[in-house]
Amino acid sequence: MLVELKNGETYNGHLVACDNWMNINLREVICTSRDGDRFWRMPECYIRGSTIKYLRIPDEVIDMVKEEVVAKSRGRGGGMRGRGRGGRGGKIILIIITCRSVYRLYIDSHSRVTA
């Protein structure tokens, strides 16, 4: 996934973990300076969520979420369950907006992605 920071630097790597504040751990990272002239390779890095400008999620993940949304809607009859207290603690919700639909990704601390 690609992460661009508010200062213009970009980090491209594999998502390892994230939390409710969008703090992110990446592995096998390539960092690019804000002007694009310098590159660094790092085994892993930690990015504070408040410094993130945007995230770019691979198309494969979006396709996987689309398939899971369809499968889940068939499984429960398309109905919505009530919203009570509690819920999905320890997970971050990423909203993905495509040209046709909006998808929510729930990413837990074990890097599982569900819709």
_ILVMFWY clustering at 4.5 Å (side-chain atoms), partners of Leu2_ = Tyr54
Which atom pairs, donor and acceptor, lie under 3.5 Å between side-chain atoms of residues 46-53 and protein residues at least two apart or in another chain?
residue, atom, partner, partner atom, Å
Tyr46, OH, Asn23, ND2, 3.3
Arg48, NE, Ser50, OG, 3.0
Thr51, OG1, Arg48, O, 2.7

_Let me confirm one number: the CE-SG distance from Met1 to Cys18, rounded to the nearest 0.5 Å._
7.5 Å
*asked:* Suppose the criterion is side chain to side chain donor-acceptor pair (under 3.5 Å): which pairs have a residue in residues 34-43, not counting sequence neighbours?
replied: Ser33-Asp35
*Take Val29 and Asn12, measure what side chain to side chain contact (heavy atoms under 4.5 Å, CB included) needs, and give me the verdict at the end.*
CA-CA 5 Å; Val29 182; Asn12 198 349; over 6 Å; no
_For Asp59, all residues meeting side-chain contact (heavy atoms from CB on, under 4.5 Å), sequence neighbours excluded_ = Ile62
*Rounded to the nearest 0.5 Å, what's the gap from OH on Tyr11 to CD1 on Ile24? Could you check?*
12.0 Å
*asked:* Can you give me the closest heavy-atom contact between Met22 and Leu55, atom names plus distance?
replied: SD-CD1, 4.2 Å
*So if you build clusters from Ile, Leu, Val, Met, Phe, Trp, Tyr with side-chain heavy-atom gaps below 4.5 Å, do Met42 and Val3 land together?*
yes
